[in-house]
Amino acid sequence: MDDQILENLRILKSSMVTVLKPLEEIYPPPADRQFIEVRYRPREEIIEGLRDLIVAAQKNIEAGITPCFPFLVRTESTQVFSTDANRYVLKKKVKTKVQEKNRRLESRDIKFMSMIRMIKSNCEKDYECNKRALLYDLEPYGIETIHYLDILVDNLTCMLECTRESLLITSNAEGRVAGQLSYVCKGEVCENFGEVRTIPDHDISDIKSDAAFILVVEKQTVLKRLVRDNFHIAYQCIIITGRGQPCHITKKFMKAIATELKLPILGLMDCNVYGLRIFTTYRWGSKRMAHDNYRLITPDIMWLGLRPSDLGKDKYEISESQRRPRKTHEDKYVTNIGREKFVLSNAKWVDEVDLMKDAHNKANLESLGDNLSKTFLPKKLRDADWI
């Protein structure tokens with residue numbers, strides 16, 4: 001890695017001044033609490049909270065009130081982007097209760113009650129339960145998919161304003177990491193000096209590295225290509241992938257090493273709406289996880305590529321034949337993201353989104369072939385071509 005790249009990374013590192021603050025420091029809470037943001041809570045507090053929910057629900061059931069739990073409204077009306085917080089946040093709004101029979105709500109309440117009882121039992125036993133194992137145990141009660149279980153668990157974390165870890169619910173890590181990095185996980189020292197490893201599914205500590213920067217890539221195929229080409233060695237970087245849309249384990253891991261190592265972070269995604277969506281999830285969070293984005297986002301990540309403006313530059317050798325036409329539903333997403341506050345507040349982002357709107361085509365990183373590690377990335381780093 002040449003001196004110009006090192007100097008560019010040094011300058012980028014010096015500009016990393018973003019410090020995320022919890023919402024209560026940004027918006028002093030009024031009496032009715034304006035926003036919900038989860039945090040870790042001790043086991044005794046969780047057990048008490050679960051017990052209170054069960055008791056209150058039983059009283060509502062006796063009174064014929066549905067829903068019998070204080071579900072929060074989690075829609076676009078409450079999952080909003082806060083410029084001051086620099087992330088999506090969740091407004092506090094409890095769903096309206098009705099004094100009439102509603103079979104759909106009653107069915108959901110029964111399933112939710114079953115889940116709460118099981119989680120309460122696990123917490124009382126201090127038993128950590130994997131999400132898939134929890135799903136297996138809850139299938140007899142009508143909870144049959146991971147997606148539906150995720151919705152119910154997120155609803156519960158919002159009610160108790162606690163993290164999933166507080167409920168002793170774990171997930172299988174889906175992300176991968178390669179590069180010079182060492183850390184301690186569950187008392188064991190883990191060292192990674194080049195091989196691709198699965199990201200740990202528990203918290204890490206004692207994080208150490210001699211890397212110059214962190215490169216976040218969209219897909220595992222791209223990570224493997226870069227490792228095959230020894231890019232992580234030649235350019236002294238840690239490479240991370242969420243293998244598509246990152247799970248919360250991957251986002252927590254990246255935030256942990258970024259916070260501890262204070263290294264520049266660069267994002268490398270496909271030039272399409274999915275790559276754009278994944279990058280914005282890392283940087284500003286997702287609407288679905290608005291209640292937990294504080295713990296998950298990495299606001300200093302910069303968009304390295306593949307950007308719409310890259311497709312118009314002959315120096316990157318992305319020919320017309322390597323591009324694909326965009327689909328109609330993808331056009332709609334590009335239009336919608338162009339209206340987001342985080343785009344409108346940055347002129348360079350506005351330009352890129354406008355280019356994406358006008359081009360009506362897309363390109364994958366794989367289209368670069370061997371040029372990805374040999375010419376594209378070195379030139380990007382040497383020109384400090386990120387936004």
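In what follows, every heavy atom counts, from backbone to side chain, and hydrogens, waters and symmetry copies are set aside.
- With hydrogens and angles disregarded, no donor-acceptor distance shorter than 3.5 Å links the side chain of K93 to the backbone of T78.
- Side-chain atoms of D201 and N172 include no donor-acceptor pair closer than 3.5 Å.
- F213 and W386 have their aromatic ring centers separated by at least 6.0 angstrom.
- In this structure, R117 fails the cation-pi test against Y141, since its NZ or CZ atom is not both closer than 6.0 Å to the six-membered ring centre and inside 45 degrees of the ring normal.
- The cluster map of Ile, Leu, Val, Met, Phe, Trp and Tyr, joined by side-chain heavy atoms under 4.5 Å apart, puts M118 and L53 in the same cluster.
- Scanning all heavy atoms of the two residues, the minimum distance from I204 to C185 falls at CG2-CB, 4.1 Å.
- Looking only at distances, no side-chain donor or acceptor of N364 sits under 3.5 Å from a matching main-chain atom of E366.
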>> The test is salt bridge (charged side-chain N to carboxylate O under 4.0 Å, His left out); show your working for R39 and E37 and say whether it passes.
In response: CA-CA 7 Å; R39 62 183 177 85; E37 197 159 64; over 6 Å; no
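- Judged by distance alone, the side chains of Q220 and R243 do bring a donor and an acceptor atom under 3.5 Å apart.
- At distances below 3.5 Å, not a single donor-acceptor pair connects side-chain atoms of K251 with backbone N or O atoms of I297.
- The backbone N or O of M16 sits nowhere less than 3.5 Å from a side-chain atom of D300 that would complete a donor-acceptor pair.
- Summarising the local packing, NZ of K208 is surrounded by 12 or fewer heavy atoms from other residues, nucleotides or ligands at distances under 6.0 Å.
- Under a 3.5 Å cut-off, the side chain of T241 and the backbone N or O of R176 do not form any donor-acceptor pair.
- Scanning for salt bridge (Lys or Arg N to Asp or Glu O under 4.0 Å) contacts around E188 gives an empty result, with sequence neighbours left out.
- In this structure, the side chain of T298 does not engage the main chain of R283 through any donor-acceptor pair within 3.5 Å.
- A donor-acceptor contact shorter than 3.5 Å links the side chain of R43 to the backbone of C123.
- A distance-only check finds a donor-acceptor pair linking the side chain of D2 to the backbone of Q4 [under 3.5 Å].
- Remark: side-chain polar atoms of D109 are not paired, donor with acceptor, to backbone N or O of F69 under 3.5 angstrom.
- Looking only at distances, a side-chain donor or acceptor of R87 sits under 3.5 Å from a matching main-chain atom of A85.
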